[in-house]
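Notes to accompany the following structure.
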Amino acid sequence: MAANIDLVEIRDFLVDLAKQAGELITSNTGKTSYDDKVNSVDLVTETDAAVEKLVATICAEKYPHFEFMGEESYVPGVTKLTDKPTFIVDPIDGTTNFIHSFPFSCTSLGFAINRHPVVGVVYNPFLNLMYAGIKGRGSFLNGTQKLPLREPPVGSKLTLQNALIGIEWGTQRSGVNFEVKTDTFKKLAAEDGNMVHGFRSLGSAAMNMCAVAAGQLDAYWEGGCYAWDVCAGWVILTEAGGRVVGGNPGIWEPAVDQRIYLAVRGGDGSEQFIEDFWDSIEGELEY
Ligand code: IPD
């Protein structure tokens, strides 16, 4: 069955669906209250659920034989990613941004076959940024702008010292993972450490991955997010020449649901950059 799937048709379908989701997101900005999930910084709104319902319904109508995995309907220990063609969806990635009207929320619509991301659409309706990619066919911003938008300066190698790196604090604010992250941030930033150019937190894994795909960030290090946060961005980044490896050392081919990732732009020096980044991690992330 997988061989007969028309990925261009799926991309076009997801772009159209992302626009519908985007309208629902923008029309509810500032209108919905929020609830806590695991703790007081792990947030969800009624709009997250409404957008997932819209996306899941339309996917099931058009592609009734495909599987669906979404953040809001996921049941830990029960929902399993299989080899079947699967839509992997975060209805609103950047929910905290959505609540605060910080304009970096998006809908993240991925499609995987044999657990490998093959189509990705990420749409930020606030800034009108529509990123889309198909495995083997490149990735684009707003249909025409081929990614990356920005190539590194000629002759420049990607190193930790000249990198702008995406990071997120995440929702765990104590324990091993919090220590590993904060110790590593300190080492990467410090004058007697790697002294990277800087960090940025866009508040959305998908937006961070698209920024790496665009060449606006050099890398994005993440521990704790899920397949729906990265599936779409994964295709967009890898089709822009970048790669996704493990966020702990030594994992060159992580699974899409690995939860710990390092996304790096393409270009000279990127493999050494990955090794150097891994060397700078203070401990090991656990999920
Ligand atoms: C979150 C964002 C955030 C990442 C978290 C995710 P949500 O997704 O992508 O950047 O650090 O791990 O949970 O909750 O806004 O859909």
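Just so you know, residue 1 is the first one in the sequence shown, and it goes up from there. Just so you know, ligand 1 is whichever comes first in the structure, and atom 1 is the first atom listed for that ligand. What you see below is based on every heavy atom in this structure, not just the backbone, and it leaves out hydrogens, waters and symmetry mates.
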Start with the C-alpha distance between Glu168 and Asn208, add both sets of side-chain angles, then the distance that settles side chain to side chain donor-acceptor pair (under 3.5 Å), and finish with yes or no.
CA-CA 9 Å; Glu168 296 291 339; Asn208 284 321; 2.8 Å; yes
Any donor-acceptor pair under 3.5 Å linking the side-chain atoms of Asp93 with those of Ser204?
yes
Considering only non-hydrogen protein atoms, determine which one is nearest to atom 12 (O) of ligand 1 and report residue, atom name and distance to 0.1 Å.
Cys225 CB, 3.4 Å
Would one find an N or O of Ala205, backbone or side chain, under 3.5 Å from an N or O of ligand 1?
yes
Within reach of ligand 1, part of Asp229 (heavy-atom separation under 4.0 Å)
side chain
Show me which atoms of ligand 1 lie under 4.0 Å from any heavy atom of Glu222.
4 (C), 11 (O)
Parallel, tilted or perpendicular, as decided by the 30° and 60° cut-offs, for the rings of Phe199 and Phe185
tilted
Begin from the C-alpha positions of Phe66 and Ile5 and carry the test side chain to side chain contact (heavy atoms under 4.5 Å, CB included) through to its verdict.
CA-CA 11 Å; Phe66 294 172; Ile5 295 172; 3.9 Å; yes
Would Ser204 count as a polar contact of ligand 1, with the cut-off being nitrogen or oxygen pairs under 3.5 Å?
yes
May I ask you to decide if Glu72's main-chain N or O and Glu52's side chain share a donor-acceptor pair within less than 3.5 Å?
yes
Close approach of Met207 to ligand 1, heavy atoms, under 4.0 angstrom:
no
Find all atoms of ligand 1 within a distance of less than 4.0 Å from any non-hydrogen atom belonging to Gly203, and give their numbers and elements.
2 (C), 3 (C), 10 (O)
Heavy-atom nearest pair, Val212 first then Val264, reads CG1-C, 3.7 Å
Any atoms of ligand 1 less than 4.0 Å from a non-hydrogen atom of Glu168? List them with their elements.
10 (O), 11 (O)
Close N or O approach (Gly224, ligand 1; < 3.5 Å)
no
Without swapping roles, check the side chain of Tyr226 against the backbone of Gly224 for a donor-acceptor pair under 3.5 Å.
no
Quick one: pull up CD in Glu284 and CG in Asn177 and give me the separation to the nearest 0.5 Å.
10.0 Å
Protein residue, atom and distance nearest to atom 14 (O) of ligand 1, heavy-atom basis
Glu71 OE2, 3.8 Å
With respect to Asp42, determine whether any N or O atom, backbone or side chain, lies less than 3.5 Å from an N or O atom of ligand 1.
no
So is there a nitrogen or oxygen of Thr96 less than 3.5 Å from a nitrogen or oxygen in ligand 1?
no
Can you list the ligand 1 atoms lying under 4.0 Å from a non-hydrogen atom of Asp90?
16 (O)
Is the shortest distance from a heavy atom of Ile92 to ligand 1 less than 4.0 Å?
yes
Indicate whether the side chain of Tyr63 and that of Glu9 have a donor and an acceptor atom separated by less than 3.5 Å.
yes
For atom 9 (O) of ligand 1, what is the closest protein heavy atom, and at what distance to 0.1 Å?
Asp93 OD1, 2.7 Å
Got a sec, which residues hit ring-ring contact (aromatic ring centres under 6.0 Å, His included) with Phe98, two or more places apart in sequence or on another chain?
none
